[in-house]
Amino acid sequence: MKKENIKIYTKMAIILASIAGVCGLLIGALNEVTNPIIIKNKLESEDKALKQICPNGIFEKEKLNKEYQYIVSIYDVINVNDGSKIYTLSGKNAYGQIDLMVGIRLESTIFKIVTMTNTESYGSTVDEFIDNNFSKPINSLENVDVKCGATYGAKLVKSMLNEALEDFNRGN
């Protein structure tokens, strides 16, 4: 290899490494600025969903004692006598992500579902599936048909709700 080529390649490598370093620093700085805003917005979204499920509720977040596949957090509704709990659920498949908040009360009844995030390819179909199957209180997922045009999203929702119901039944 010629000396001239070595100089050119070395100079090019230094320039590219410098560009990559500057970009890395900019991304890190941007993350530092936006991270508190993202956390604040997420907390506000959770508070809003909690109030949609139980408007006059006073909520106490439980400490999770084990790892779950879909359950992110569990809230006890402490000023209601029906043993209500609210579960924050998050699931992901090849078609996107779904974050739900679901209210469950005694007799294992799902009484309200709030969709917080739905990035599924057929997200509106998944929303219709939720509205059609869970607009009224329900205490069994056995007869819930997931064939809806967004079957994988519906299966994900059903699996998430099933995990919440199973956890609720273990605790009550």
Side-chain angles (χ1 to χ4, degrees), residues 31 34-172:
N31 184 52
T34 59
N35 197 38
I37 296 167
I38 292 168
I39 290 170
K40 179 181 171 255
N41 289 342
K42 185 176 181 184
L43 290 173
E44 286 175 358
S45 175
E46 278 187 16
D47 286 343
K48 182 179 174 186
L50 285 167
K51 290 298 182 188
Q52 281 182 283
I53 292 173
C54 196
N56 299 319
I58 298 172
F59 310 101
E60 185 176 288
K61 194 171 188 176
E62 287 184 15
K63 183 178 184 227
L64 298 182
N65 296 323
K66 68 176 210 165
E67 295 265 334
Y68 293 98
Q69 184 173 359
Y70 303 114
I71 296 173
V72 176
S73 59
I74 304 169
Y75 294 90
D76 289 317
V77 186
I78 57 176
N79 64 325
V80 177
N81 291 336
D82 64 1
S84 293
K85 290 183 184 249
I86 298 176
Y87 288 82
T88 305
L89 308 169
S90 183
K92 195 175 203 176
N93 62 21
Y95 299 98
Q97 179 170 339
I98 300 174
D99 296 327
L100 301 173
M101 204 169 259
V102 58
I104 303 175
R105 62 177 164 235
L106 288 180
E107 317 244 340
S108 301
T109 303
I110 296 172
F111 66 90
K112 181 82 172 170
I113 296 176
V114 175
T115 304
M116 295 169 39
T117 305
N118 181 357
T119 62
E120 290 282 310
S121 300
Y122 294 95
S124 60
T125 306
V126 174
D127 288 337
E128 284 178 33
F129 164 78
I130 292 170
D131 291 342
N132 292 339
N133 289 284
F134 304 104
S135 60
K136 297 177 187 162
I138 184 171
N139 58 1
S140 174
L141 299 175
E142 273 184 47
N143 297 325
V144 175
D145 184 14
V146 295
K147 295 176 185 155
C148 63
T151 302
Y152 288 105
K155 281 182 183 179
L156 177 61
V157 168
K158 188 174 177 179
S159 296
M160 292 164 62
L161 294 174
N162 197 44
E163 184 177 74
L165 277 173
E166 286 175 2
D167 184 79
F168 184 84
N169 288 331
R170 274 192 297 271
N172 288 317

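Note that the structure is a prediction, hence the values are computed from the model and not measured. Side-chain atoms are counted along with the backbone in the values below, which use heavy atoms only and exclude waters and symmetry mates.
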If you compare all heavy atoms of Val77 against all heavy atoms of Gly57, which two are closest, and at what distance to 0.1 Å? CG1-CA, 4.1 Å
Starting from the C-alpha separation in whole Å, work towards a yes-or-no answer on side chain to side chain contact (heavy atoms under 4.5 Å, CB included) for Asn133 and Lys158. CA-CA 10 Å; Asn133 289 284; Lys158 188 174 177 179; over 6 Å; no
Tell me if a side-chain donor or acceptor on Ser108 pairs with a main-chain N or O of Asn139 at a distance below 3.5 Å. no
Would the number of heavy atoms belonging to other residues, nucleotides or ligands and lying under 6.0 Å from OH of Tyr152 be above 12? no
Taking all non-hydrogen atoms of both residues, which atom of Tyr122 and which atom of Ala150 are closest, and how far apart? CB-CB, 3.8 Å
Take Leu161 and Phe134, measure what side chain to side chain contact (heavy atoms under 4.5 Å, CB included) needs, and give me the verdict at the end. CA-CA 11 Å; Leu161 294 174; Phe134 304 104; 3.5 Å; yes
Can you establish whether the number of heavy atoms outside Asn35 located under 6.0 Å from its atom CG is more than 12? yes
How about NZ on Lys42, more than 12 heavy atoms from neighbouring residues, nucleotides or ligands closer than 6.0 Å, or not? no
Distance (rounded to the nearest 0.5 Å) between Asn79 CG and Asn56 CG: 7.5 Å
Atom of Phe168, atom of Gly83 and distance for their closest heavy-atom approach: CE1-O, 3.5 Å
State, yes or no, whether a side-chain contact exists between Ile74 and Leu64 at a heavy-atom distance under 4.5 Å. yes
Looking at Gln52 and Lys112, what are the two nearest heavy atoms and their distance? O-CE, 3.7 Å
Say whether, by atom type as modelled, one donor and one acceptor occur between the side chain of Asp145 and the main chain of Lys147 under 3.5 angstrom. yes
State the CD1-OG1 distance between Ile130 and Thr125, to the nearest 0.5 angstrom. 11.0 Å
Passes side chain to side chain contact (heavy atoms under 4.5 Å, CB included), Cys54 versus Tyr75? Steps please. CA-CA 11 Å; Cys54 196; Tyr75 294 90; over 6 Å; no
Side-chain contact test, heavy atoms from C-beta onward, threshold under 4.5 Å: evaluate it for Tyr70 versus Leu156 and give yes or no. yes
For the CD atom on Glu107, are there more than 12 heavy atoms of other groups (residues, nucleotides or ligands in this structure) within a distance under 6.0 Å? no
Shortest non-hydrogen pair, Phe129 vs Val146, comes out as CE1-CA, 4.0 Å
Does the side chain of Gln69 come within less than 4.5 Å of Ser159's, by heavy atoms? no
Close side-chain approach of Ile110 to Leu141, heavy-atom, < 4.5 Å: yes
What distance separates Ile98 CD1 from Met116 CE, expressed to the nearest 0.5 Å? 13.0 Å
Are there over 12 heavy-atom neighbours, none belonging to Phe59, within less than 6.0 Å of that residue's CZ? yes
Can a donor-acceptor pair be found, under 3.5 Å and without considering hydrogens, that links the side chain of Ser45 to the backbone of Asn41? no
Under a 4.0 Å N-O cut-off, is there an ion pair linking Lys40 with Glu44? yes
How far apart are the C-alpha atoms of Lys85 and Glu62, what are their side-chain angles, what is the distance that settles it, and do they pass the side chain to side chain contact (heavy atoms under 4.5 Å, CB included) test? CA-CA 10 Å; Lys85 290 183 184 249; Glu62 287 184 15; 2.4 Å; yes
Quick one: CG on Leu106 to OG on Ser84, what's the gap to the nearest 0.5 Å? 7.0 Å
How far does SG of Cys148 sit from CD of Glu128, to the nearest 0.5 angstrom? 8.5 Å
Going from CG on Leu89 to OG1 on Thr115, what distance comes out if it is rounded to the nearest 0.5 angstrom? 10.5 Å
What pair of heavy atoms forms the shortest contact from Gly123 to Asn118, and how long is it? O-ND2, 3.0 Å
